[in-house]
Amino acid sequence: MSVVLAFDTATGATVVGAAGSGGAVAERRDDPGAGERPRHVQRLLELCEAALADIGAGWDDVARIGAGVGPGTFTGLRIGIATARALATARDIDVVPVSTLEALALGAQPHDEVLAVIDARRGEAFTAPFRAGRRTAPPAALAPDALPGLAGPGWLAVGDGAVRYREPLAAGGIDVPPDSDPRHRVAGAALARLAAAGTPVAAATLVPDYVRLPDAELHRRRVAADP
């Protein structure tokens, strides 16, 4: 069996998707409750093994790994990227970068016009618009009031950022599903599908798509600029 194993740790959730050559697909995930911290370190490999077992596979069947590269939380991304690099190197298998925003948009199909929105904290959102599955503008970190400028009436906004910034999105005529709608969550099946279709890269070159500078770098620059 040739298996694609994909995972994403860009948000608070730890999401894993496994897809076998016979069409079997499994998802395992860990979604922290309100006020709980992400459990990427504790759960990622455990969830990978469970997803593989769900389709009757094991580590030796994995031919390709898909790694969510964000944008998202800096700590979460580093954990996922480091895990993907280690697995790909140790097992000498392909590794493919997967956009977390693209996975969100894919999970919202068959809606044709989708704005994927991830809560970026600091009063911003990571976002990118997709039409017919294709991104129409590069990922960006924007203030909530700027989000409607990327879309318009008839568009669908999904992701935890869409939930948080529902008001400005709705004011722009953009539809936001109810908070509990599964389209707001990165789906394991979407991750696996994008990983299967993507182009492999050298494990050492797999890097997060931070979109904006990490907090530590911003602090360093502020200190350096302070006379």
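Remember, it's a predicted structure, so these values are computed and weren't measured experimentally. One is the number of the first residue; the rest follow in order along the sequence.
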Side-chain (Thr205) to main-chain (Val201) donor-acceptor, under 3.5 angstrom: no

N/O donor-acceptor pair under 3.5 Å between Thr127 side chain and Val117 backbone: no

Glu102: partners by salt bridge (Lys or Arg N to Asp or Glu O under 4.0 Å), with sequence neighbours left out: none

Point-to-point distance, once rounded to the nearest 0.5 Å, from CZ of Arg185 to CG of Asp160: 12.0 Å

Polar side-chain atom of Glu113 near backbone of Trp155 as donor-acceptor pair, under 3.5 Å: no

Close side-chain approach of Tyr210 to Thr73, heavy-atom, < 4.5 Å: no

Gap between atom CG of Leu45 and atom OG1 of Thr14 - 0.5 Å precision: 10.5 Å

From OG1 (Thr83) to CG (Leu44), nearest 0.5 Å: 5.0 Å

Sequence-distant partners of Arg121, salt bridge (Lys or Arg N to Asp or Glu O under 4.0 Å), two or more places apart: none

Arg28 and Asp54 ion-paired at < 4.0 Å: yes

Any donor-acceptor N/O pair, His111 side chain to Gly154 backbone, under 3.5 Å: yes

Salt bridge (charged side-chain N to carboxylate O under 4.0 Å, His left out) assessment of Arg91 paired with Asp60: CA-CA 8 Å; Arg91 297 184 169 276; Asp60 290 342; 3.5 Å; yes

Side-chain donor or acceptor of Glu36 paired with backbone N/O of Gly33 under 3.5 Å: yes

Arg166/Asp179 ion pair, N-O < 4.0 Å: yes

Arg212/Glu124 salt bridge by N-O under 4.0 Å criterion: yes

Euclidean distance, Leu191 CG relative to Thr100 OG1, rounded to 0.5 Å: 7.5 Å

Rounded distance [0.5 Å steps], CG in Leu194 versus CG in Leu106: 5.0 Å

Arg64 (side chain) donor-acceptor with Leu5 (main chain) under 3.5 angstrom: no

